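Note that the structure is a prediction, hence the values are computed from the model and not measured.
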Amino acid sequence: MAGWVIPILVSTILIVGLARGVDLLDAFVEGALEGVKLGVRILPFIMAIYVGVGLFQAGGVMDVVSRALGPLARALRLPVELFPLMLIRPFSGGAALGIVADLLRQYGPDSLIGRTASIMEGSSETTFYVLTLYLGAVGVKRSRYALPLCLLGDVVGFVAAGWAGRAFF
């Protein structure tokens, strides 16, 4: 059934468009042009995020921050080993996935660290990337409380992942 969804959807769009007298080729070209314009407009934001993440990792800032926040992790009953993941996840999904792979390789997928890292990876979002993409796409210059609230949501999600990792495994 899943293999028929796309052909049925495309056929339905074509039939409805023809029934309403829409010039399908012009509508397709106009939509594709808008998609290209949107892609060109958000490309600088995406490149800025990737460069920032690369500088953050390569400069050793992540290691310094992880060590500095170790007492906070212990207070929240989170494994300190997960701090690099918690720091990089709001910036980059690919980098976070690499950290999870390293944690799974080092501690094993059935360890508390491996399971908690998997919960964090699967249940959190690349906050800065999403905000940059969405706010950049619609041209929002003043995001007001979006970033602090998204970061608060990340912290709550990380603490909840730590609790779920300890409670269920």
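Residue Phe91 is grouped with residue Val61 when hydrophobic side chains (ILVMFWY) are merged at heavy-atom distances under 4.5 angstrom, including chains of intermediate members. Val65 and Phe83 fall within the same hydrophobic cluster, defined by Ile, Leu, Val, Met, Phe, Trp and Tyr side-chain heavy atoms under 4.5 Å apart, directly or through other members. Each of Leu76 and Val156 belongs to its own hydrophobic cluster when Ile, Leu, Val, Met, Phe, Trp and Tyr are linked at side-chain heavy-atom distances under 4.5 angstrom. Cluster annotation: Leu149 is not connected to Leu133 through the hydrophobic network of ILVMFWY side chains, with a link wherever side-chain heavy atoms come within less than 4.5 Å. Placement of Leu97 and Leu87 in two distinct hydrophobic clusters is found when ILVMFWY residues are connected by side-chain heavy-atom separations under 4.5 Å, directly or transitively.
Considering CG of Leu85 and CG of Leu78, their distance stands at 10.5 Å, rounded to 0.5 Å. Remark: Arg74 CZ to Leu69 CG distance equals 10.5 Å, nearest 0.5 Å. Rounding to the nearest 0.5 Å places CG of Leu104 at 9.5 Å from CD of Glu121. In this structure, the separation between CZ on Phe158 and OG on Ser124 is 4.5 Å, given to the nearest 0.5 Å. In this structure, CG on Asp110 lies 4.5 Å from CZ on Arg115, to the nearest 0.5 angstrom. Within the model, atoms CD of Glu30 and CG of Asp23 stand 10.5 Å from one another, a figure rounded to the nearest 0.5 Å.
More than 12 heavy atoms of other residues, nucleotides or ligands shown are found within 6.0 angstrom of CZ on Arg166.
The two atoms that bring Ala161 and Met120 nearest to each other are CB-CG, 3.5 Å, heavy atoms only. Smallest separation of non-hydrogen atoms from Ala27 and Val22: CB-CG1, 4.1 Å. In terms of heavy-atom proximity, Pro84 sits nearest to Glu81 at CD-O, 3.4 Å. Pairing each heavy atom of Ala73 with each of Val80, the nearest pair is CB-CG2, 4.2 Å. The two atoms that bring Ile113 and Pro79 nearest to each other are CG1-CB, 3.9 Å, heavy atoms only. Contact detail for Thr126 and Gly93: the closest heavy-atom pair is CG2-N, 3.1 Å.
Ring geometry, Phe168 versus Trp163: the interplanar angle exceeds 60°, so the pair is classed perpendicular (tilted spans 30 to 60°).
Between the Ser111 side chain and the Gly108 main chain, a donor and an acceptor come within less than 3.5 Å of each other. Between the Ser143 side chain and the Ala146 main chain, no donor and acceptor come within less than 3.5 Å of each other.
Between Leu135 and the choices Val130, Val140, Leu147, the side chain to side chain contact (heavy atoms under 4.5 Å, CB included) rule is met once, by Val140.
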Audit row: Asp154, Arg89, salt bridge (Lys or Arg N to Asp or Glu O under 4.0 Å) steps and yes/no: CA-CA 9 Å; Asp154 284 340; Arg89 179 64 178 155; over 6 Å; no
